Every structure is written in C-alpha cells, then in structure tokens.
2 protein chains.
Amino acid sequence: MYRDRHLTLLTDLYQLTMMYGHFRAGRHENRVVFDLFYRRNPCGNGYVIAAGLEQVVWYIHQLSFSEDDIAYLRSLRMFSDDFLDYLRHFRFRGDVYAVPEGTVVFPNEPILRVEGPIAEVQLIESAVLAFINHQSLIATKARRIVEAARTNVKHPGSTVIEMGLRRSQNADAAIFGARAAFIGGCVATSNVLAAQAYNIPAAGTQAHSWIQSFPSEYEAFQAYRAAFPDNTVLLVDTYDVLRSGVPNAIRVGLEMKAAGQSLKAIRIDSGDLAYLSKRARQMLNDAGLPDVQIIASSDLDEYTIRDLLTQGAEIDAWGVGTRLITSEDCPSLGCVYKLVAQQFGDRMEPRIKISENPNKITNPGKKKVLRLYVNGSATADLIALDDEVYDPSEPLELFHPIHTYKRKVVQNYEIEELLRPVFVSGELVYELPTVQEIQARVETQISAFSSEVRRHLNPHEYHVDLSKPLWDLKQRLLHEWRR
Amino acid sequence: MYRDRHLTLLTDLYQLTMMYGHFRAGRHENRVVFDLFYRRNPCGNGYVIAAGLEQVVWYIHQLSFSEDDIAYLRSLRMFSDDFLDYLRHFRFRGDVYAVPEGTVVFPNEPILRVEGPIAEVQLIESAVLAFINHQSLIATKARRIVEAARTNVKHPGSTVIEMGLRRSQNADAAIFGARAAFIGGCVATSNVLAAQAYNIPAAGTQAHSWIQSFPSEYEAFQAYRAAFPDNTVLLVDTYDVLRSGVPNAIRVGLEMKAAGQSLKAIRIDSGDLAYLSKRARQMLNDAGLPDVQIIASSDLDEYTIRDLLTQGAEIDAWGVGTRLITSEDCPSLGCVYKLVAQQFGDRMEPRIKISENPNKITNPGKKKVLRLYVNGSATADLIALDDEVYDPSEPLELFHPIHTYKRKVVQNYEIEELLRPVFVSGELVYELPTVQEIQARVETQISAFSSEVRRHLNPHEYHVDLSKPLWDLKQRLLHEWRR
C-alpha cells in the first residue's frame with residue numbers, strides 16, 4: 001500500500017539547486033559514487049541493524065516528476081524551462097548496492113553505495129537518508145529492548161510487543177517504526193495498519209476507558225470475556241491492582257476454568273511493576289491459575305526491563321511504547337551520504353572529504369565490505385576497494401586503521417560480501433525479503449557476534465579495518481591534500 | 001495532497017477489540033465524552049503550542065473501512081460478521097471541539113473534546129493522539145529555537161530555517177514536522193514536498209559534495225553563481241573556512257559587485273561557529289561586502305544558539321536540523337485521551353479516572369476552557385463545566401486547584417473561549433486556517449503572556465484553575481470513590 005506513494009519532491013531544495021547547477025554547467029550526466037554510512041553507534045550500542053531498504057526501493061521505483069511537481073518548481077522562479085523539461089523525463093538509471101535489511105553494521109561501513117549520473121544520485125539523498133536512518137534506528141533500539149527481555153531467567157521466552165503509535169512522530173514513524181521494531185525482534189504491534197501492511201501479528205486488549213465505561217470492573221471483565229473467550233486479557237490497574245483488579249480477574253479466570261475456557265493473561269499498566277507482578281503472580285498461583293500470564297507496560301525501555309528483572313519481576317510479555325517508537329534517548333541516527341568517487345573524462349577517480357575532525361574524513365573510492373567469519377564467528381570486517389580479490393585459503397593480516405601497530409592475522413576464514421546489487425542501471429534486480437525473513441536474518445547475524453560486542457553498556461569495539469590498498473589510497477589523498 | 005490518505009486502520013488493535021466488545025454488549029451507540037490533554041510541558045517549556053488539528057480533520061473526514069480493511073479484519077478471526085458489516089457502514093457522527101492551531105495551551109487543558117457514540121469516539125483515539133502529539137511537540141520546540149534566535153541583539157531579525165528531513169523519523173515526521181516548525185515561527189524549510197504542500201518558503205543552496213565535485217572551490221562557487229545569480233549563497237567550510245572558503249567567497253562577491261550583482265550570503269556548516277562567524281564577518285566587512293549575510297548550521301538547538309549569541313556570534317540566519325525535527329531532548333509529547341462523561345439512560349454523567357498519582361486524576365465532566373485577559377494580558381485560564389456562564393463585568397475569584405488558599409480576584413476581564421466547534425454530528429463546521437494564519441496566531445497568542453511564562457528555563461507556572469462547580473464535582477466524585 002505504501003509502494004506507489006508519490007514522494008519525488010521529498011528532497012531538500014539544495015538537491016534540486018545542485019541538479020540545476022550541474023545541468024547548467026553541462027555536468028549532470030557525470031558519473032559519481034556516493035556512500036551512505038554512519039559514524040557513531042546510537043544509544044551506546046555496539047552496532048546498528050540496517051533497515052529501511054524496502055522503503056528505499058519503492059521510493060526509487062516511483063521517482064518521477066509529475067506535472068504538479070513541475071508546475072510547483074516553475075512557480076519558484078529558480079529553474080529554466082529546459083531544466084524543467086529534463087525533470088519531466090527524469091528517471092533513476094543508477095546502480096544501488098546495499099546491505100540486506102537485518103544485517104549488523106558498524107561505523108563507517110557503507111550501508112548503501114549509489115553510482116550513477118550526479119543529478120540522479122544527488123536527488124535521492126535526503127529521502128534515502130531519512131528512511132535508512134529512521135528504520136535502522138528503531139530496529140536497533142527494538143533489539144536492545146528485546147535482548148533485555150530475553151535476560152528473563154524465569155520466563156526465558158518473554159516477548160516484546162510494540163505499542164507506540166500514539167506517541168510516534170506521526171503516521172509513517174508509527175507504521176515503519178512498527179516494521180523496524182518487528183525486524184529488531186518484537187513479536188507483534190498494536191498498530192493495525194502496520195500489521196496489515198507487513199503481515200505482522202496485531203496485539204491489543206482493552207483500555208482503562210473500557211473498564212470505566214462499565215458499572216463495575218467485574219462487569220467490564222465479563223463483557224470482554226464474552227467478546228473474546230479465546231483471547232481474554234484483562235487490564236487490572238484501573239482502580240487498584242491487588243485489591244480489585246487481580247481479585248476480579250481471578251474470579252473471571254475461575255469462572256472460565258469452570259466453563260472449560262482459560263483466562264490468557266492480565267495486564268498491569270502502572271505502579272511498581274516488580275512488586276505488583278510478584279504479588280499478582282502469587283495470587284494467581286494460589287488461586288490455581290498458574291498459566292495466566294502477566295503482561296506489563298508503562299514507560300518501559302531496556303534499562304527498566306533489566307532492572308525489573310533484577311528485582312525478580314514476574315512478567316511474561318512487555319508492551320513497549322514511547323521509548324521504543326521514538327528511540328527516546330537517541331531519537332536520530334546520523335547516517336550521511338558522501339561523494340567517494342567521480343568521473344573525470346572516462347576515468348572514475350576516488351575523492352576524499354577532508355575535515356578538521358579526523359573521524360569525519362571519509363574513506364575514498366568505490367568500495368565493498370567483507371565480513372570475515374572464522375568457524376562461523378564474525379571476526380572482523382574489512383572495508384576494501386571494489387576490485388580487490390581475496391583468497392580465503394591464504395592468511396590475511398589485518399591492521400587497525402589508526403593505530404596501525406595493532407595487527408592480527410586471520411586464517412581459514414569465510415567471506416560474506418555485505419553489499420548486494422539492488423538496482424543496476426535503474427532496473428530493480430533485488431528480490432525483497434519479507435519482514436519475517438529479515439527478522440530471522442537479524443537472529444542469525446547477531447548470533448555470529450561475541451557477547452562482548454552485543455553487550456548493552458560499553459560493548460567491545462568490533463574490528464572494522466581498511467584493506468591495505470584502501471588505507472594506502474586514503475593516505476595518498478591525505479598527503480596530496482596537505483600539499 | 002495528504003487529505004485523502006486512507007488511514008482508517010491507523011489505530012491500536014485494542015480500539016477495535018473494545019468497539020467489538022461494546023457492539024457485542026449492545027452499547028456501541030452509548031454516548032461518551034473524551035478529553036485530549038497533556039500533563040507535563042515538554043523540554044522544560046512553560047506551555048505548548050497546539051498544532052495538528054488540520055491533520056485530525058482530514059483523518060476524520062476519510063474515516064471509512066474499505067473492503068480491503070474488512071477483509072483484513074476478517075482474516076484476524078476475532079470479529080463476527082455482523083460487526084464487520086457494521087464497520088462497512090461506519091462513519092464518524094460525533095462532535096469535535098478543539099483549540100485552534102497556534103493556541104498556547106497548558107497542562108490538563110482539553111485541546112480536543114470529542115463527544116459521540118463510544119465506538120466512534122474510541123476508534124479515532126490513537127491516530128488523533130499521534131497527530132496532535134507530534135505537531136504540537138515540534139511547533140513548541142521550534143518556538144523555543146526561534147525565540148533563542150530572536151535574542152540576537154546585533155541581528156534582531158535573525159531567522160530560523162528548518163532543515164531536518166534527513167534525520168526525521170520518516171516522511172510524515174519530515175512533512176508535518178516542517179509544517180509545525182513553520183507554525184512555531186521558522187521562516188522556511190529545506191523540504192520541497194512540505195513547502196509545496198503548505199505553501200511554505202523553500203530554502204536551500206549547495207552541499208559539500210557540490211564543492212568537492214569541482215576541481216576547485218572557486219570554480220564550484222562560480223558555477224553556483226552562474227546558475228543562481230539572484231540568490232547566491234556559498235558554503236564556505238568544505239576545505240578551510242578562513243583560509244579558503246571565505247577568501248573565495250569574497251573573490252566571487254567582489255566579481256558580482258563589479259557586475260552589478262550581489263552575493264547574498266555565506267553558509268558555515270561546521271567548526272566553532274562563534275569564532276568563525278566573527279572572523280568571517282570582519283573579513284567580509286573589510287572587503288567591502290558588509291551586506292553579505294552569514295548563515296550557520298551544525299547541530300543547533302535553542303541552547304547552542306543562545307550560547308553562540310552570548311559569545312557575540314555574527315549570524316543572520318540559522319539552519320536547524322536534527323534537534324528540531326526530532327525534538328531531540330524530548331522526542332514525545334504525552335497527550336492522553338480520557339473518558340470524562342458517559343451516557344446512562346438519557347443522562348450524561350461525569351466520570352473520573354482515579355490514580356494513586358494525584359496528578360493523574362482526571363477532571364470529570366464535559367468542559368470548556370476560558371482564557372481570561374485583563375488589559376490584553378492573559379491572566380489565568382479557567383477550566384469550567386460546559387454549561388457554566390460567566391459575566392465578565394462581575395469580579396471573579398479564582399483559586400488554586402490543589403492549594404486552595406491561594407486565591408486571586410480578576411475584574412474587568414475579557415474571555416476567550418478556547419474550544420471551538422470543528423465537527424458537529426460528524427459534519428465539518430470549521431474553516432481551516434492557512435499555516436500562515438496559524439503562524440500569525442502564535443505570535444498574537446504568545447505576546448499576550450508575560451515574559452516570565454515564556455522563559456526557556458524554569459518558567460513561571462501560569463495559572464490554570466478549575467471553576468468552583470468543576471472543583472466541587474471533582475471532590476464529590478473523589479469522595480464517592482473513597483467510599
């Protein structure tokens with residue numbers, strides 16, 4: 001349903017002014033290569049889960065300037081008629097290589113590599129960044145929360161449900177955020193539109209207003225049970241969890257048991273979740289209802305979940321809203337899109353972006369990313385020039401890109417080439433996986449990394465090295481610039 | 001363009017399960033009143049600027065279940081055929097009262113009041129909250145940044161441009177965020193689609209990649225000037241601001257001057273903006289180019305802008321991205337939607353939501369919000385029951401809703417009734433203002449409040465009182481509950 005949305009003008013004006021500038025200078029067909037990458041991991045995490053590629057694909061697919069778009073651009077009185085005519089026939093004819101969604105990536109690794117005529121490669125920058133930044137951020141945040149829930153020793157299968165729609169930064173943030181959260185490992189979303197669009201399980205029970213709208217909590221519970229006898233989940237904190245909610249839920253649960261049905265779960269949405277869940281668990285057990293699950297919600301995130309579990313909270317499933325859907329403690333991922341090579345005559349030449357801040361100096365040239373596995377474990381990533389060839393049967397010496405005395409030799413390794421062709425000469429050549437397949441890829445990817453890299457606080461920095469030819473090229477360009 | 005977007009399923013599943021529960025119990029036509037309000041000001045601000053109503057209007061306008069929606073809901077195997085048939089004929093027939101966009105609002109004041117059959121009032125909760133939460137948050141954050149820029153004594157007319165698209169939480173966050181930022185007082189957006197949709201000025205120049213793609217910075221500047229001789233803004237920090245960027249810009253500026261043109265501005269996007277802007281200003285002045293403006297960008301927000309101005313930064317316009325479009329330090333506003341009255345038989349009875357946290361106890365009943373002005377200054381807001389009548393020629397004693405000994409008498413006041421009819425019995429009766437009109441309303445509204453309320457840090461808490469009848473009602477319901 002979101003495939004055909006017309007978003008061609010979802011770009012920064014400067015992309016259009018630059019396109020026009022290149023057009024005026026007769027350079028708009030000059031070929032360039034841009035890399036999309038980020039520089040710093042968000043939320044203190046050790047990695048990012050790449051997501052958003054499907055949205056990029058449909059966006060590029062729909063790219064064309066409608067007559068309305070042309071008329072609007074004409075009204076700005078900035079562009080000449082021949083340029084507007086060029087836009088009228090515009091389509092994207094470039095190459096896009098990308099890491100599959102659900103791939104674990106690290107700072108400075110190209111997540112997308114775009115090659116083509118400069119005007120086309122430039123136009124897509126802003127929207128592509130927004131899509132990748134947003135979905136990768138939420139997938140990564142969701143992963144942190146899901147892993148926190150999985151530290152539950154009493155309930156190792158405890159799950160996370162995304163329910164942030166109302167606090168999302170508008171509809172797309174909710175819809176694509178729900179998708180990204182599922183990729184990160186959530187099992188369901190409360191957002192019906194997202195559930196429909198991506199075939200994600202939808203979850204939901206009742207609000208406090210449901211309980212309030214009945215003369216008594218017990219009657220509200222019974223009315224809900226009548227409507228959903230196979231999936232009765234009761235919200236127990238409208239009045240008083242332990243004195244009213246849980247006793248009424250137990251009363252309904254016992255009646256259901258007597259009728260051959262079963263109460264599925266109770267939900268606690270406020271108060272001290274550790275204390276209340278432990279007391280509620282005991283009360284349910286004492287009443288002979290040990291199978292009734294406890295779902296908790298209320299301003300949760302990975303830190304609160306871990307803390308509650310440390311205190312022995314008896315919680316089987318977590319509903320997480322605001323802090324997941326906005327990635328509250330780090331609401332943006334800083335992916336950038338940088339020129340790394342450019343056509344001069346018939347040669348493609350590497351370009352470097354200099355900065356006073358050494359961390360902001362780019363890696364030049366058209367590149368690829370190789371993940372090296374030894375016995376199935378991800379050992380290091382190597383950013384290399386695209387035409388380099390490696391023979392995994394030969395030992396390979398890696399070195400730290402800044403502290404070059406730090407070296408290590410890998411042997412008997414396997415290579416996973418992370419960047420895959422998505423568009424070639426503007427044609428889509430990539431088969432988009434389902435979100436279920438992407439979610440499964442996340443599990444496989446993450447399991448290949450050591451627990452030190454996966455730690456939530458102060459994770460170990462995974463090795464991402466530059467190949468010798470790339471390192472040499474970078475040094476050469478830096479020294480040329482110095483002169 | 002966003003008017004007809006089909007978003008009926010943009011709701012939490014529990015709204016549909018509750019609708020079904022009410023339908024099964026034969027109660028779905030029972031009338032209720034819900035208030036939408038927030039409890040705590042975001043970002044340490046003293047108020048919120050209400051925004052998002054236009055989006056609510058178009059959303060309610062499009063509400064209807066398509067055959068695809070019905071088929072999807074059927075596939076969930078949760079709902080009966082007669083309910084699905086009811087959905088097929090669903091339309092919203094309720095009343096919506098709302099404060100106009102651009103209104104200054106305070107905690108606990110109804111921003112929206114929705115009355116109608118419970119099933120209809122319930123369905124819209126999630127999306128309406130998302131729209132109001134998001135746009136009000138960004139309008140408020142933008143206002144803080146705009147007011148920081150206006151503290152510029154050297155350049156009192158200094159302006160803020162929104163340019164956060166690439167770091168936004170997806171397309172809608174960028175588009176409606178640009179709209180909200182304009183409402184808050186930004187003068188332009190970099191986002192072309194938002195500029196087109198809302199007739200907001202679009203702004204943009206060139207990126208570092210433009211500069212890099214030419215053999216020299218000077219040639220890049222000249223090519224840009226050739227394309228935009230009337231609007232030449234040059235990005236001067238690609239290589240070295242003071243040793244390369246500004247000297248090259250001055251060279252182009254002097255050539256333009258000689259040709260009867262004029263260089264409009266330079267833009268600095270990195271480095272120490274205080275130091276660089278002061279040095280650049282001096283260099284431009286010394287070269288006889290005192291009218292060339294300086295635009296700054298780079299991780300700006302209200303705090304950084306104030307600090308830079310304290311240090312005498314020479315900046316005429318600010319481009320603000322990430323921290324505005326995500327409201328980075330407070331990425332969500334916590335509006336809630338609570339049942340306040342309900343039909344029993346043919347009487348509408350007030351309802352209260354109890355909580356252990358006194359701040360979370362709701363104000364019961366169908367209410368209105370009166371803003372009391374004395375000599376044009378906003379003196380206090382009064383939340384009153386909808387049927388109360390006030391005679392502004394009589395003195396009115398107000399009292400603090402918790403510390404009731406705090407009293408004050410207002411005389412010779414004028415009343416602004418904040419809630420206006422938007423939908424009556426499902427019919428749209430409200431004329432939507434343009435964003436320009438809304439932006440103007442913000443200026444008028446804010447100018448009525450004292451500078452103490454408008455302060456960015458630790459603002460004075462504006463008086464929001466309950467009327468005597470409302471306070472009495474609340475006490476009565478609390479005591480009834482206690483028994």
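Every chain is numbered from 1 and lettered A, B, ... according to where its sequence line falls, protein lines coming before strand lines. Predicted, not measured: the structure shown is a model, and the values here were computed from it. What's counted below: heavy atoms across the whole structure, side chains too, no hydrogens, waters or symmetry copies.
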Using modelled atom types only, decide if a donor and an acceptor are shared between the side chain of [X] and the backbone of [Y] within a distance under 3.5 Å.
X	Y	result
B:Tyr224	B:Thr205	yes
B:Gln15	B:Leu123	no
A:Gln206	A:Val233	yes
A:Arg351	B:Ser213	no
B:Asp172	A:Asn170	no
B:Ser297	B:Asp269	no
A:Glu162	A:Thr189	no

Examine whether an atom of [X] lies under 4.5 Å from a heavy atom of chain B, and if so say whether it belongs to the side chain, the backbone or both; otherwise answer neither.
X	result
A:Ala226	backbone
A:Gln342	side chain
A:Cys330	neither
A:Asn133	side chain
A:Phe214	both
A:Val336	side chain
A:Ala203	backbone
A:Ala194	neither
A:Ile132	neither
A:Thr322	side chain
A:Arg27	side chain
A:Arg166	both
A:Phe23	neither
A:Asp69	both

Top contributor to chain A contacts, counting heavy-atom pairs under 4.5 Å, from [options]:
options	answer
B:Val128, B:Leu16, B:Asn191	B:Asn191
B:Ser209, B:Ser355, B:Ser327	B:Ser209
B:Lys338, B:Lys360, B:Glu328	B:Glu328
B:Pro215, B:Ala173, B:Gly164, B:Ser270	B:Ala173
B:Ala195, B:Ser168, B:Ala25, B:Ala127	B:Ala195
B:Pro331, B:Ser332, B:Ala223	B:Pro331

query: Can you name the closest pair of heavy atoms from A:Tyr72 and B:Ile200 and give their distance?
result: OH-O, 4.4 Å
Report the distance from atom [atom1] of [X] to atom [atom2] of [Y], rounding to the nearest 0.5 Å.
X	Y	atom1	atom2	answer
A:Glu217	A:Asp237	CD	CG	9.0 Å
A:Ser136	A:Leu36	OG	CG	8.5 Å
B:Asn30	B:Gln343	CG	CD	5.0 Å
B:Phe344	B:Glu349	CZ	CD	6.0 Å

Please flag which part of [X] lies under 4.5 Å from any non-hydrogen atom of chain A: side chain, backbone, both or neither.
X	value
B:Leu333	backbone
B:Lys353	both
B:Ile118	side chain
B:Phe79	side chain

Between [options], which has the largest tally of heavy atom pairs under 4.5 Å with chain B?
options	answer
A:Ile354, A:Asn231, A:Asp12, A:Leu129	A:Asp12
A:Gln122, A:Arg167, A:Arg24	A:Arg167
A:Val192, A:Ile352, A:Asp240	A:Val192
A:Met163, A:His22, A:Glu125	A:His22
A:Leu76, A:Leu10, A:Leu339	A:Leu10
A:Gly52, A:Gly177, A:Gly21	A:Gly21

field: CA sep, side-chain torsions, deciding dist, call: B:Asp230, A:Arg77, salt bridge (Lys or Arg N to Asp or Glu O under 4.0 Å)
entry: CA-CA 11 Å; B:Asp230 301 332; A:Arg77 300 173 179 278; over 6 Å; no
Pair B:Thr326, A:Gln169: side-chain N/O donor-acceptor within cut-off below 3.5 Å: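 Per modelled atom types, B:Thr326 and A:Gln169 side chains form no pair under 3.5 Å.
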message: Distance alone, cut at 3.5 Å: any donor-acceptor contact between the side chains of B:Thr238 and B:Gln212?
response: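 The answer is no; no qualifying pair exists.
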field: Near-ring test B:Tyr20/A:Phe228, centroid separation under 6.0 angstrom
entry: yes
message: Between A:Trp481 and B:Tyr239, is the ring-ring contact (aromatic ring centres under 6.0 Å, His included) condition met? List the steps.
response: CA-CA 10 Å; A:Trp481 166 248; B:Tyr239 301 118; 5.1 Å; yes
